Participant: 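Handing you a structure now.
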There are 2 protein chains.
Amino acid sequence: MPDGPKVDTPSAAESEVAADARELTRHRVVEAAADLLAREGRDAVTTRAVAAAAGVQAPAIYRLFGDKDGLLEAVAEHGYDAFLAAKHVDAHSRHPVEDLRAGWDLAVEFGLTNPELYALMYGEPKRGTTSAAFHAGMQILVGRIRRLAAGGWLRVDEKLAAALIHATARGAVLTWLSLPDDQRDPALLTAMRESMVAAVTHEKPAVQDAGPAGAARTLRALLPEQTTLSSAEQHLLGEWLDRLASDG
Amino acid sequence: MPDGPKVDTPSAAESEVAADARELTRHRVVEAAADLLAREGRDAVTTRAVAAAAGVQAPAIYRLFGDKDGLLEAVAEHGYDAFLAAKHVDAHSRHPVEDLRAGWDLAVEFGLTNPELYALMYGEPKRGTTSAAFHAGMQILVGRIRRLAAGGWLRVDEKLAAALIHATARGAVLTWLSLPDDQRDPALLTAMRESMVAAVTHEKPAVQDAGPAGAARTLRALLPEQTTLSSAEQHLLGEWLDRLASDG
DNA sequence: ATCAGGCATGAATCAATGATATCGCCAACC
DNA sequence: GGTTGGCGATATCATTGATTCATGCCTGAT
């Protein structure tokens, strides 16, 4: 059973130049594989073809990535990073809902720009759970969702919002890529996006006043309507909300 | 170059019993492959394993289906037909929009019930264009869309509606299957469905009144900023807010 | 400066798999 | 009854993922 790619262990006496060389060949192999994938499709990405394109021997791939799946994983991560680096995302926009749209568009654009890579990452369901690139992509959205929530725009749970954003983007991209060129209607993408925005956000923020105090005031007023907390919990919650409301 | 599966040609002199026998073995092979796929996953579906399970020789598969892709295509079509036959869809319901919901639910249920098969059919984008099962699945929705259009419920183009329905279902299923069991929230499916309904039809969405959930979500996101409560109080408050936020 | 050890290199190699070739038999058609 | 065509069966080829093994180099210690 292979231990996976060798990594620097604290006890290992490994020179830095060797580690650098290793990182260099690793990068070369990943780029060769990514190029092969984008240029000739997934079936062209064989260990032999990658090794030949990168100028290394076949066993080197297994030393570097453990197995072919490890290589593909590295390719996915590299492709995603490269795309994000090229787009230099501007973190803040005027409106959090606009940020949401921009984030969704970005995810979709990644799929449309790198169809083979996207199919690799999000085609087979099983890969989703373990992929590092999967979480990396989600993480970008989490920050925007948090700001939506802070502004009182979020219509649903944060986790549900993340799932909705991802699912709509995934369906939009895969469906788009499935369609022949002459049937690809850009309206599909905008419709999916706006549908997602409507599902995830309110038209008006649920809280008028900004900051924790404002949110606490709003929740305090609506507290009698809730049915999930016990009366004791509700009572204590009410006191805390009063303190928070008077804090600002 | 294989001509694909042999079919009855008008000029061919082929006895009916031979054709029946052919159909029988064909069916047996398809079922063996489908069983293998559902039971042991896609990687277990090798030509040898299928041939052994069906009690035929490996070359028989190629005589019947042309190549492995033809076999998988047949498996997809068979699986879809079998699912629809088992559900005996009632064609007409009281309301065309309800029909739309039912059709979407059906498509999603198919995916959740046959994850491996669904990944086979809708995982890789390229397969979508040529697959017969792909069009068969779409065709069922087209009828319902037509009735929506006849009733004046359709908000968008019929083709766009079909694409939207398919894309939302595809994203919902693949995302659902990607999530580990403990993170699968049924609300994702209903939210995706209602989002689709809102995008496709004129039915006005049930305006869920704000309620405490929205304010709870807002306060939850802003909780780290508050300075009034102790960390223990904040922790417990966070848990309550999570419960309130996911209530709506 | 010398030497021991580990690690990468390079070739060969294994096992699994998709896909065919070939041969013979049996049944159906003329 | 002869012939043709399809099917069963065995063997086989080519590709590909993955591994083994011996060799040699380079690092780091003595």
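Note that the structure is a prediction, hence the values are computed from the model and not measured. Below, read A as the first sequence line, B as the second, and so on, with proteins coming before strands; counting in each chain starts at 1.
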Participant: Name the residue closer to the 5' end of DNA chain C, choosing between A:Gly55 and B:Asp43 according to the nucleotide with the nearest heavy atom.
Facilitator: A:Gly55
Participant: Does a side-chain N-to-carboxylate-O contact under 4.0 Å join B:Glu31 and B:Arg28?
Facilitator: no
Participant: Could you check how far CG of A:Leu64 sits from P of C:dA8, rounded to whole Å?
Facilitator: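 The distance from CG of A:Leu64 to P of C:dA8 comes to 8 Å, rounded to the nearest Å.
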Participant: OP1 or OP2 of D:dG17 sitting under 4.0 Å from any side-chain N/O of A:Thr47?
Facilitator: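 So the side-chain polar atoms of A:Thr47 do come within 4.0 Å of the phosphate oxygens OP1 or OP2 of D:dG17, strictly under.
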Participant: What's the CG-C1' distance between B:Leu36 and C:dT17, to the nearest Å?
Facilitator: 14 Å
Participant: Let me know the distance between CZ of B:Arg28 and C1' of D:dC7, rounded to the nearest Å.
Facilitator: 13 Å
Participant: Would you call A:Lys159-B:Asp185 a salt bridge at under 4.0 Å N-O?
Facilitator: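 No salt bridge links A:Lys159 with B:Asp185.
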Participant: If you look at every heavy atom in A:Arg144 and A:Asp99, which pair is closest and at what distance?
Facilitator: NH1-O, 2.8 Å
Participant: What integer distance in Å separates B:Ile61:CD1 from C:dT20:P?
Facilitator: 13 Å
Participant: Measure from the side-chain heavy atoms of A:Pro59 and tell me the nearest of D:dG8, D:dT19, C:dT9.
Facilitator: D:dT19
Participant: Between atom OH in B:Tyr62 and atom C1' in D:dT12, what is the gap in whole Å?
Facilitator: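 Checked: the OH to C1' distance equals 13 Å.
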Participant: When you check the gap from the basic side-chain N to the acidic O, do B:Arg146 and B:Glu158 get nearer than 4.0 Å?
Facilitator: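 B:Glu158 and B:Arg146: salt-bridged.
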Participant: Separation of B:Arg26 atom CZ from D:dG6 atom P, in whole Å?
Facilitator: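 Roughly 16 Å, once rounded to whole Å.
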Participant: Can you figure out which of C:dT17, C:dA8, D:dA18 approaches the side chain of B:Arg48 most closely?
Facilitator: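 Of C:dT17, C:dA8, D:dA18, C:dT17 is nearest to the side chain of B:Arg48.
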Participant: Using a cut-off of less than 4.0 Å, is there contact between a side-chain N or O of A:Gln57 and OP1 or OP2 of C:dT9?
Facilitator: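 Looking at the OP1 and OP2 atoms of C:dT9, neither is under 4.0 Å from any side-chain N or O of A:Gln57.
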Participant: Pick base, sugar-phosphate or nothing for A:Val50, based on heavy-atom distances below 4.0 Å to the nucleic acid.
Facilitator: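 If one applies the 4.0 Å heavy-atom cut-off, A:Val50 turns out to touch nothing in the nucleic acid.
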Participant: Provide, to the nearest angstrom, the distance between the CG atom belonging to B:Asp67 and the P atom belonging to D:dA14.
Facilitator: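 Value for this atom pair: 20 Å.
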Participant: Can you tell me which nucleotide in D:dG8, C:dT9, D:dG17 comes closest to the side chain of B:Arg63?
Facilitator: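 Of D:dG8, C:dT9, D:dG17, D:dG8 is nearest to the side chain of B:Arg63.
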Participant: Taking the side chain from B:Arg155 and the backbone from B:Ala198, do they hold a donor-acceptor pair closer than 3.5 Å?
Facilitator: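 Between the backbone of B:Ala198 and the side chain of B:Arg155 there is a qualifying donor-acceptor contact (under 3.5 Å).
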Participant: What integer distance in Å separates B:Lys68:NZ from C:dT17:P?
Facilitator: 9 Å
